[in-house]
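These notes are about the structure you will find just below.
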Amino acid sequence: MSPKLAGHPIHPMLVGLPIGMLTLSVIFDGIYLATQSPRWSDISFWSLALGILAGLLAAPWGSIDWLKIPSGTRAKRIGLFHGICAVTAIALFAISWFLRYETPTLPPTNAIIFSFVAMAVLAIAGWLGGELVFRLGIGVDRGANPDSSSSLSGAPASESTENRKSKSDQTAA
């Protein structure tokens, strides 16, 4: 069972910020290349910093989740490749950030290339994460269905809100 916060696995809650910030940094690099305005490369520099830090925060929780996947399964193999891609992307983004460190408003070309390559690797990691959750059901509660009760209820996902209501009606009668 994955570590949870308020009934939800922690790793999926944390990945949105690094994915968003790192994607924005690449978009800002594109705007910088189109406009040559140093403001955009400076914004990209700080977006990279936040995205890298957030990615480093999400990674241990993903490792904990991966350890819980049964050995010898397709999910275990995909999870390993997902983790390798995610860590590789963060490392490439970190290299880009370090290459910009001296002159954030005038990044060297190789720093931008590292970011674009890192974005491609991050996209692969994201797709693999989606495969784990949406196709293989990793991190999804057993018995999950469109009428499952709230994760805050403490009831199993297989117990729908209607079933809980009818049980409470029977108990009251």
Side-chain angles (χ1 to χ4, degrees), residues 2-69 74-141 144 150-152:
S2 298
K4 294 185 176 191
L5 177 66
H8 294 283
I10 296 170
H11 179 67
M13 282 192 265
L14 296 177
V15 298
L17 183 60
I19 290 170
M21 295 309 297
L22 295 169
T23 300
L24 279 174
S25 73
V26 171
I27 290 169
F28 295 145
D29 280 344
I31 296 171
Y32 165 74
L33 291 173
T35 67
Q36 294 300 304
S37 171
R39 176 177 69 184
W40 294 108
S41 59
D42 194 39
I43 294 169
S44 178
F45 176 80
W46 292 107
S47 295
L48 273 170
L50 181 57
I52 292 163
L53 291 173
L56 293 174
L57 178 65
W61 297 103
S63 297
I64 292 168
D65 287 351
W66 180 76
L67 290 171
K68 308 264 184 206
I69 298 173
R74 180 170 175 261
K76 190 76 163 190
R77 292 186 303 275
I78 289 174
L80 178 62
F81 192 51
H82 164 74
I84 290 169
C85 286
V87 169
T88 299
I90 295 296
L92 292 170
F93 278 118
I95 292 168
S96 176
W97 187 84
F98 280 111
L99 290 171
R100 300 164 192 249
Y101 185 76
E102 294 293 323
T103 57
T105 58
L106 188 61
T109 303
N110 58 352
I112 294 174
I113 291 170
F114 269 101
S115 281
F116 286 179
V117 171
M119 188 69 237
V121 176
L122 185 63
I124 294 167
W127 186 88
L128 291 168
E131 183 77 357
L132 286 167
V133 174
F134 302 119
R135 182 70 177 181
L136 301 175
I138 300 300
V140 176
D141 287 333
S150 167
S151 54
L152 297 174

query: Quick one: are Leu99 and Ile112 in side-chain contact, heavy atoms under 4.5 Å?
result: no
message: Tell me which one of Ser44, Pro107, Ser37 satisfies side chain to side chain contact (heavy atoms under 4.5 Å, CB included) with Tyr32.
response: Pro107
field: Any side-chain heavy-atom pair of Ile138 and Asp65 under 4.5 Å
entry: no
- request: Mark yes when over 12 heavy atoms from residues, nucleotides or ligands other than Glu102 sit less than 6.0 Å from its CD; otherwise mark no.
  value: no
- prompt: Is the count of non-hydrogen atoms from other residues, nucleotides or ligands lying under 6.0 Å from Phe116 atom CZ greater than 12?
  reply: yes
statement: For Gly139 and Pro9 the tightest heavy-atom approach is O-CG, 3.6 Å
- request: Just jot down the ring pair (Phe, Tyr, Trp, His ring centres under 6.0 Å) partners of Phe81, sequence neighbours excluded, or say none.
  value: none
message: Within this structure, what is the CG-CD1 distance for the pair Asp29 and Ile113, rounded to the nearest 0.5 Å?
response: 11.0 Å
query: What residues form a side-chain contact (heavy atoms from CB on, under 4.5 Å) with Val140, not counting sequence neighbours?
result: Val133, Ala144
message: Counting the benzene-type ring for Trp, do Phe93 and Trp97 have ring centres under 6.0 Å apart?
response: no
query: If you take all heavy atoms of Leu152 and Ala6, which pair is closest and at what distance?
result: CD2-O, 3.5 Å
message: Distance check, rounded to the nearest 0.5 Å: Leu14 atom CG versus Leu56 atom CG?
response: 12.0 Å
query: Could you state the interatomic distance from CD1 (Ile31) to CG (Leu24), rounded to the nearest 0.5 Å?
result: 9.0 Å
message: Measuring from atom CG of Leu132 to atom NZ of Lys76, what distance do you get when rounded to the nearest 0.5 angstrom?
response: 11.0 Å
- prompt: Which value, rounded to the nearest 0.5 Å, describes the distance between Ile27 atom CD1 and Ile43 atom CD1?
  reply: 12.5 Å
task: Enter the distance from Leu17:CG to Leu22:CG here, rounded to the nearest 0.5 Å.
output: 8.5 Å
message: Testing the basics here: between Thr105 and Asp42, what is the closest heavy-atom pair and its distance to 0.1 Å?
response: CG2-CB, 3.8 Å
field: Partner residues of Arg74 under the salt bridge (charged side-chain N to carboxylate O under 4.0 Å, His left out) criterion, sequence neighbours left out
entry: Glu131
message: Looking at every heavy atom in both Ser25 and Leu48, which two are closest together, and how far apart are they?
response: OG-CD2, 3.5 Å
- prompt: Hey, is the main chain of Leu92 close enough, under 3.5 Å, to the side chain of Ser96 for a donor-acceptor pair?
  reply: no
query: Shortest non-hydrogen contact from Leu106 to Ser41?
result: N-OG, 4.0 Å
- request: Work out which heavy atom in Phe28 is nearest to a heavy atom in Ser47; give both atom names and the distance.
  value: CE1-OG, 3.6 Å
